[in-house]
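These notes are about the structure you will find just below.
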Amino acid sequence: MTTRTPQDYAPLAAAAQRVLQANRHAGTSHWENRSFDFVCPSNVTYPFQWLWDSCFHAIALTHVDVKLAQQELICLLQAAQPDGFIPHMILWEREKYIDKVRYYSIALMNDYLTAISQPPVLAQAVERVYNAGHDAAFLAGVLPRVKAYYRWWIQHRDPDHDGLVAIIQPDESGLDALPAYDALLKMTTVDRAGMRAAMQRLFAAYAPLRNDLAALIAADIFVVEDVLTNCAYAQGLRALARLCRVESQLNDAAEFDQLAGRVERALVTRCYDEPRGIFFDLLGAAEKPSGVVTVTSLLPLMLDNLDPAIAKRLVEEHLHNPAEFWLPYPVPSVAANEPSFDPEAKTDLLWRGSTWVNMNWFLVGGLRQHGYGEIADELVERTLAMVARGGFREYYSPYSGVGYGAPDFGWTTLVLDFVAL
Ligand code: GLC
């Protein structure tokens, strides 16, 4: 049990608010003269708008100013396409930061929008923002595009119709260099150069197929039924169904609930490894389990209807196990006993063992949902201690709590949600 009160964290909350303020970008873009006003992940390394980052920023902003939270999502939704797709980045100030654009490994659909998406956390964010203000006009304004986005995933990204959606690039999961993807990427060296070369190979193979998404997926170059993406999708569909009920759109609500149930069941029947009591991403059309234990292997804890026996194994055998994830500053992005475990990002690659606050946010919710309140409290406490110690960084050493990567990193302000608990 935590012995602290929210007041003890007042300085940390104030610092989070400062980060959200300092990372705010507003103006008029050369992209069709549109106005933008959003929080970027980091002024130093990521000055654009990112899809799932903005969803987390909006959730953090509900503790600061509901109007700003709404604005974050309204700004993001300007990028929604007629078919429902929402890109993972909007390069609002492209010209100003053109060096960054050149430096990133990204594929673009036009000068300002990228060609891939990111985990669908949008409905969760909309629900939180709506619940914080009960602004009916906000909900009515955004809901059609949110519904179209969740339909886009199942229509365009489930080619084998098994109820699991697939990503087509490693960074589409938001977990760029997760070791679970190494085999598919055929990385020659595990460092920045190796990753860059792998991305170049992927883009070269995709180039002739860019205008035909179905053909690109059929080419089976990098197709992953990713556990995180599908958990976010299922959780988002449940949130979306609730939002549709608020709007008395009962048929839509039933459609999204049904789809959520399908994704939840598919995750268990296809991604769950019963002997090991853990979930794996499925690689390629052959759906080969990655066999690499990462933080996303635990994320089905965030599913509504997870079998309690499976939840118990995830928590007791893995999450709460000091040989895997229960390190001094949990939860590392890769289990400590994996050969690829790189807790202090010595490889200079992301998501190979360091601790990230957004993963802890998912897990805290999942732990509480399944009756593990004490472990959730402990995880909150250690996460707050880590950020108090390491500052608002992009990721942290799970051993020392030292922060690394981008300074003043946006979604680390999710600690506002922890402080408010
Ligand atoms: C990194 C992260 C990705 C995030 C982006 C912006 O690329 O891996 O998840 O969206 O930075 O913060």
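Order of appearance sets the numbers: ligands from 1, and atoms from 1 within every ligand. These numbers were taken from a predicted model, which means no experiment stands behind them.
With a 4.0 Å cut-off on non-hydrogen atoms, H88 does not touch ligand 1 at all.
In terms of protein heavy-atom proximity, atom 10 (O) of ligand 1 is nearest to D53 OD1, 2.6 Å. For atom 1 (C) of ligand 1, the nearest protein heavy atom (residue, atom name, distance) is Y46 OH, 3.6 Å. Closest to atom 3 (C) of ligand 1, if we only count protein heavy atoms, is G174 O, 3.5 Å.
Of all atoms in ligand 1, numbered sequentially from 1 with element shown, those under 4.0 Å from a heavy atom of D176 are 2 (C), 3 (C), 7 (O), 8 (O). Close contacts of ligand 1 with W50, meaning ligand atoms under 4.0 Å from a residue heavy atom, involve 5 (C), 6 (C), 10 (O). Short contacts between ligand 1 and F409, defined as distances under 4.0 Å to a heavy atom of the residue, involve ligand atoms 12 (O). Residue-ligand proximity, W351 to ligand 1, at heavy-atom distances under 4.0 Å covers atoms 2 (C), 8 (O).
Ring geometry for Y150 against Y233 counts as parallel: the plane angle stays under 30°, on a 0 to 90° scale with 60° as the upper cut.
Considering backbone and side-chain N/O of Q118, one or more are found under 3.5 Å from N/O of ligand 1. Considering backbone and side-chain atoms alike, W411 places every N or O at 3.5 Å or more from each N or O of ligand 1.
Across all non-hydrogen atoms, the minimal contact from A60 to L414 is CB-N, 4.3 Å.
From L267, atom CG reaches atom CD of E225 across 9.5 Å, with rounding to the nearest 0.5 Å.
With a 6.0 Å cutoff to the six-membered ring centre and a 45° limit on the axis angle, R196 counts as a cation-pi contact of Y103.
The environment of N211 atom CG is sparse: at most 12 non-hydrogen atoms of other residues, nucleotides or ligands sit within 6.0 angstrom.
Between F279 and Y272, the ring centre distance stays below 6.0 Å.
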Derivation and outcome, salt bridge (Lys or Arg N to Asp or Glu O under 4.0 Å), residues D377 and R368 | CA-CA 9 Å; D377 287 344; R368 291 202 196 291; 3.0 Å; yes
